[in-house]
Amino acid sequence: MEHLSAALCQWYAANQRKLPWRGTHDPYKIWLSEVILQQTRVAQGLAYYQRFVEAFPTVADLAQASGERVTRLWQGLGYYSRARNLHLAAQQVVERHGGRFPESYAGLRALPGVGDYTAAAVASLAFGLPHAVVDGNVYRVISRLLGISTPIDSGAGKREFASLAQALLDKARPALHNQAMMEFGATLCTPKSPQCGRCPVADACVALRSGRVDELPVKAKKIVQKDRFLVYLFITWGDSFLARQRGDDGIWARLHEFPGFEVEGPLTDSELLASEPFAALTQGLAHELEAIGPPLTHLLTHQRIWARFVELRLQGPPPPEHPLGEYTWLSPSRSEDLAFPKLMLRFFDQRRQGRQSPSLF
DNA sequence: GAATCGTGGCA
DNA sequence: TTGCCAAGATT
């Protein structure tokens, strides 16, 4: 067991990528990078990390920032409850721990948005504590090296791999060991087409010896995708448009969206305009139909969204008692400070392009 | 324990 | 085009 860690650490020392959060022991920067990288590739999270560090050099700066600014900086990164928990955790560090991160696994684990993985990562990388990280890379590396076919998405699998990861850990240098395991999984022992020919521990790999590299790790569950059909109304009054902020939970937490509704299946333009929910949202509004955009498809892990955007221009101010009363008017400059789902940003882009070259439509 | 939560890259 | 999955956490 010690041999595996030593070989991987030696490989890591010679092959690691240079990343801005490496080489520091600042728990704030390590925690920030780990939260950004949850279910997120380095290539996607890198620019966000740099923007956050520049905007908020310390955890106190982050704690003092407005939720609006934090959410806007997170725009486009996905899993938006991470941004809320990031802000909450920063405030807890300041208010409950005097501005210093807890120097224990349990203390870190109690912060919002910090689960088993992130607690182990910060504990080991910032404080040198002997906690093994278990992320997607570690599941894959261990299942292949040791030939373990227990499904990694089962409770038994999670317990088994956590135990094995902890047993493999070099407790004299947990930071190096953890980073070596993850970097090895991310760049050599990859899900598809792993580079077994360059593997420093190929001699010890059970999966390679038995020809099971492509079968490991095992996942028991399959993702079920559902189709959803959404209609959004882009209602303008002068330069401004109507939108509201979504709640703390569910999809696109705390992001802004236009008024709209969901339907059971695809609608033609005329069906859409004649639909009951469209009538309810536009009743009593003197408006002019500006455009009905083509369906925009938006892919999420669990659903495929088909969105239609209907652009309406009000001919007069909306009456005070109206279903749209919970929405507010946003000017273009105001909306620059707010966060929108990628789907809405794609609509903005499409609309801008349509105006610059109307002959295309 | 199962279901959810985004977005983007790759084959 | 489709499916997979990525430095996971929460409910």
Side-chain angles (χ1 to χ4, degrees), chain A residues 12 16-17 19-22 29-49 71 74-86 88-89 108-122 124-125 132-141 151-159 161-162 165 175 178-187 189-193 214 217-228 246-255 257 297-305 339-346:
Chain A
Y12 175 73
Q16 65 168 302
R17 295 167 290 179
L19 300 171
W21 48 82
R22 289 196 175 147
K29 290 183 177 174
I30 291 170
W31 162 74
L32 177 62
S33 72
E34 294 300 345
V35 174
I36 287 175
L37 291 175
Q38 287 168 3
Q39 295 292 285
T40 304
R41 296 172 188 280
V42 168
Q44 190 188 0
L46 190 53
Y48 286 86
Y49 172 82
T71 303
W74 201 272
Q75 174 178 268
L77 196 51
Y79 287 143
Y80 295 96
S81 63
R82 286 186 294 173
R84 174 168 174 252
N85 286 329
L86 189 84
L88 283 173
L108 293 163
R109 182 66 177 77
L111 294 171
V114 176
D116 291 343
Y117 164 78
T118 304
V122 177
S124 62
L125 302 185
V133 296
V134 186
D135 70 339
N137 294 306
V138 175
Y139 278 121
R140 189 168 55 253
V141 169
I152 62 173
D153 54 354
S154 67
K158 288 189 173 73
R159 286 188 292 274
F161 281 90
N178 279 336
Q179 292 187 87
M181 291 283 288
M182 291 191 285
E183 187 77 350
F184 173 66
T187 63
C189 194
T190 48
K192 295 174 183 175
S193 306
D214 291 336
V218 172
K219 279 194 179 179
K221 305 167 193 165
K222 288 178 182 175
I223 294 174
V224 181
Q225 250 194 355
K226 294 173 183 172
D227 286 306
R228 296 182 67 188
R246 294 180 58 89
D248 287 344
D249 302 311
I251 191 173
W252 297 326
R254 292 198 169 190
L255 270 57
E257 67 175 358
T297 62
H298 190 69
L299 299 176
L300 293 79
T301 303
H302 291 277
Q303 44 186 307
R304 181 168 53 183
I305 293 176
F340 294 84
K342 276 285 182 178
L343 176 60
M344 313 283 156
L345 299 178
R346 285 175 57 204

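Reminder, nothing fancy here: chain letters follow the sequence lines and each chain counts from 1.
Comparing A/Gly76 and A/Ala156, the nucleotide of DNA chain B nearest to each residue sits closer to the 5' end for A/Ala156.
Atom pair A/Lys221:NZ and B/dA3:C1' shows a separation of 8 Å (rounding to whole Å applied). Distance, A/Arg246 CZ to B/dT4 P: 15 Å, rounded to whole Å. The nearest whole Å value for the distance from the CG atom in A/Leu46 to the P atom in B/dG8 is 16 Å. If you take CD1 of A/Ile251 and P of B/dC5, they are 5 Å apart, rounded to a whole angstrom. Spacing between atom CG of A/Asp227 and atom C1' of C/dT2 amounts to 13 Å, rounded to whole angstrom units. The nearest whole Å value for the distance from the CD1 atom in A/Ile305 to the C1' atom in B/dG6 is 10 Å. Atom CZ in A/Arg346 sits about 10 Å away from atom P in B/dT7, given to the nearest Å.
The side-chain hydrogen bond (donor to acceptor under 3.5 Å, both in side chains) check on A/Asp214 picks up nothing, with sequence neighbours excluded. Residues forming a side-chain hydrogen bond (donor to acceptor under 3.5 Å, both in side chains) with A/Gln38 (at least two apart in sequence, or on another chain): A/Thr118. For A/Phe161, the ring pair (Phe, Tyr, Trp, His ring centres under 6.0 Å) criterion is met by A/Tyr139, not counting sequence neighbours. Remark: A/Arg159 engages no residue in a salt bridge (charged side-chain N to carboxylate O under 4.0 Å, His left out) (not counting sequence neighbours). In this view, A/Tyr49 and A/Trp21 satisfy the ring pair (Phe, Tyr, Trp, His ring centres under 6.0 Å) rule, not counting sequence neighbours.
The residue A/Leu300 sits close to a base: some heavy atom pair falls under 4.0 Å. Here A/Gln303 lies in heavy-atom contact (under 4.0 Å) with sugar-phosphate atoms only. Contact annotation for A/Ile36: no contact, since no heavy-atom pair falls under 4.0 Å across all strands. Across all strands shown, A/Gly45 has no heavy atoms under 4.0 Å from either base or sugar-phosphate atoms.
Looking at A/Arg246 and A/Glu257, their side chains come closer than 4.5 Å, going by heavy atoms from C-beta outward.
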Residue pair A/Arg304, A/Gln225: steps toward the side chain to side chain donor-acceptor pair (under 3.5 Å) verdict: CA-CA 7 Å; A/Arg304 181 168 53 183; A/Gln225 250 194 355; 4.9 Å; no
Protein within reach of the bases, or only the backbone? For nucleotides 3-11 of chain C, mark each nucleotide 5' to 3' as B, S or -, using heavy atoms under 4.0 Å. B-BBBBSS-
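One P atom belongs to C/dT11, the other to B/dG6, and the distance between them is 14 Å to the nearest Å. Nucleotides B/dT4 and C/dA7 have their P atoms positioned 24 Å apart, rounded to a whole Å.
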Can you give the dot-bracket line for DNA chain C, where a pair is Watson-Crick or G-U wobble with both atom distances under 3.5 Å, crossing pairs use [ ], and | marks a partner on another strand? .|||||.||||
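Applying the side-chain hydrogen bond (donor to acceptor under 3.5 Å, both in side chains) definition to pairs two or more places apart or across chains, those involving residues 77-86 of chain A are A/Thr40-A/Arg82. For residues 109-118 of chain A, every residue pair satisfying the salt bridge (charged side-chain N to carboxylate O under 4.0 Å, His left out) rule, not counting sequence neighbours, is listed here: A/Arg109-A/Asp116.
Salt bridge status for A/Lys29 with A/Glu34: absent, with no side-chain N to carboxylate O gap under 4.0 Å.
For the pair A/His298 and B/dT7, the criterion of a side-chain N or O lying under 4.0 Å from OP1 or OP2 is met.
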